[in-house]
Trainee: 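Sharing a structure, written as structure tokens. Questions coming.
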Amino acid sequence: METVSKQLELDKRYIRMASIWAENSYCERRKVGALIVKDKMIISDGYNGTPSGFENICEDENQITKPYVLHAEANAITKIARSNNSSDNATMYVTASPCIECAKLIIQAGIKRVVYSEHYRLEDGIELLKRAGVEVLYVTNDNEQKQ
């Protein structure tokens with residue numbers, strides 16, 4: 001029982017860190033942050049935004065998100081690809097539940113656990129992760145936990 005509560009405390013700490021990282025996003029509609037952790041080390045991070053070299057404006061004049069904006073999860077995973085790290089068996093902490101496109105990337109990156117703190121309007125990403133055997137955990141800002 002002790003290790004479960006220790007893990008939950010770690011999960012909450014990393015989720016708080018992902019929330020702080022989300023503050024780096026230039027997106028106005030929603031700021032999302034992600035961390036990839038392996039062996040208690042943060043090996044990658046990301047937040048939603050435009051690709052490198054693009055203007056840091058995520059929404060068009062009608063406040064619609066531009067189609068080329070990258071999600072926080074995609075940014076964190078592509079950073080891994082440019083490093084010497086491996087995301088095999090890692091945990092991803094993300095402030096919003098992954099969409100189906102990001103869920104596919106998470107599965108292919110070998111990430112085995114996803115912890116998130118806000119529900120996205122669609123649940124298909126979460127369902128796909130579960131179908132692939134990825135452990136999914138919803139952690140609120142208080143002491144609740146759900147699976």
Trainee: Under a 4.5 Å side-chain heavy-atom rule over Ile, Leu, Val, Met, Phe, Trp and Tyr, are Val134 and Tyr116 clustered together?
Mentor: yes

Trainee: Can you measure from CD (Glu123) to CG (Leu129) and round to the nearest 0.5 angstrom?
Mentor: 11.0 Å

Trainee: For Ser97, what residues pass the side chain to side chain donor-acceptor pair (under 3.5 Å) criterion, not counting sequence neighbours?
Mentor: none

Trainee: Please assess Lys38 against Asp88 for the test side-chain contact (heavy atoms from CB on, under 4.5 Å), listing each intermediate value before the final yes or no.
Mentor: CA-CA 8 Å; Lys38 187 173 180 177; Asp88 253 358; 4.3 Å; yes

Trainee: Using modelled atom types and a 3.5 Å cut-off, is there a donor and acceptor pairing between side-chain atoms of Ser117 and backbone atoms of Thr95?
Mentor: yes

Trainee: Quick check: is Ile111 connected to Ile80 through a chain of hydrophobic side chains (ILVMFWY, heavy atoms under 4.5 Å apart)?
Mentor: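 In one cluster with Ile80: Ile111, yes.
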
Trainee: Going by the rule salt bridge (charged side-chain N to carboxylate O under 4.0 Å, His left out), which residues pair with Glu28 if we only count those two or more places apart in sequence or in a different chain?
Mentor: none

Trainee: Same cluster or not: Ile43 versus Val114, using hydrophobic residues (I, L, V, M, F, W, Y) connected whenever any side-chain heavy atoms lie under 4.5 Å apart?
Mentor: yes

Trainee: Could you tell me which residues satisfy side chain to side chain contact (heavy atoms under 4.5 Å, CB included) with Lys79, sequence neighbours excluded, listed by chain and number?
Mentor: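 Side chain to side chain contact (heavy atoms under 4.5 Å, CB included) check on Lys79 returns Ser44, Asp45.
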
Trainee: With a 6.0 Å cut-off (strictly less than), is the heavy-atom count around CD of Glu127, excluding the residue itself, greater than 12?
Mentor: yes

Trainee: Out of curiosity, does Tyr120 fall in the hydrophobic cluster containing Val94 (side-chain heavy atoms, cut-off under 4.5 Å, transitive links)?
Mentor: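 Per the 4.5 Å side-chain linkage, Val94 and Tyr120 are not co-clustered.
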
Trainee: When clusters are formed by joining ILVMFWY residues with side-chain heavy atoms under 4.5 Å apart, either directly or through shared neighbours, do Tyr93 and Leu70 land in the same one?
Mentor: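 In one cluster: no.
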
Trainee: To the nearest 0.5 Å, what is the distance between CD1 on Ile42 and CH2 on Trp21?
Mentor: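 Answer rounded to 0.5 Å: 9.0 Å.
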
Trainee: Could you report the tightest heavy-atom contact between Cys58 and Val69, atom names first, then the distance?
Mentor: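 Reported closest heavy-atom pair: O-CG2, 3.5 Å.
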
Trainee: Sequence neighbours excluded, which residues qualify as side chain to side chain donor-acceptor pair (under 3.5 Å) partners of Glu101?
Mentor: Lys104

Trainee: Considering only heavy atoms from C-beta outward, does the side chain of Thr50 approach that of Ile57 to under 4.5 Å?
Mentor: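 No; the side chains remain at least 4.5 Å from each other.
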
Trainee: Ignoring hydrogens, what is the shortest heavy-atom contact between Ala74 and Cys102? Give both atom names and the distance.
Mentor: N-SG, 4.3 Å

Trainee: Keeping Ser25 on the side-chain end and Asn48 on the backbone end, is there a donor-acceptor pair under 3.5 Å?
Mentor: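 Checked: pair present.
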
Trainee: Walk me through whether Arg16 and Asp11 qualify under salt bridge (Lys or Arg N to Asp or Glu O under 4.0 Å).
Mentor: CA-CA 9 Å; Arg16 286 195 306 271; Asp11 289 342; over 6 Å; no

Trainee: How far apart are the closest heavy atoms of Ala34 and Ala76, and which atoms are they?
Mentor: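 Distance-wise, the nearest heavy atoms are CB-CB, 4.4 Å.
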
Trainee: Looking at Ala22, is its backbone amide N or carbonyl O close enough to the side chain of Lys31 to form a donor-acceptor pair, meaning the two atoms are under 3.5 Å apart?
Mentor: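 Pair absent, no side-chain N/O of Lys31 close to backbone of Ala22.
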
Trainee: Do any pairs count as a side chain to side chain donor-acceptor pair (under 3.5 Å) and have a residue in residues 54-75, sequence neighbours left out, and if so which ones?
Mentor: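 Only Arg29-Thr65, Glu55-Lys66, Glu55-Tyr68 qualify under side chain to side chain donor-acceptor pair (under 3.5 Å).
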
Trainee: Identify the heavy atoms of Glu118 and Tyr138 that sit nearest to each other, and give their distance.
Mentor: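 Nearest pair, atom of Glu118 first, then Tyr138: N-CE1, 4.2 Å.
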
Trainee: Which heavy atom in Leu35 sits nearest to a heavy atom in Ala18, and how many Å separate them?
Mentor: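 Scanning both residues completely, I find the closest heavy atoms to be CD1-N, 3.8 Å.
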
Trainee: For Ile100, what residues pass the side chain to side chain contact (heavy atoms under 4.5 Å, CB included) criterion, not counting sequence neighbours?
Mentor: Asp124, Leu128

Trainee: Calculate, to the nearest 0.5 Å, the distance between atoms CD1 and NZ belonging to Ile106 and Lys112 respectively.
Mentor: 12.0 Å

Trainee: Hey, which of Leu10, Val115, Leu137 is the one that makes side chain to side chain contact (heavy atoms under 4.5 Å, CB included) with Thr91?
Mentor: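 Answer after filtering Leu10, Val115, Leu137: Val115.
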
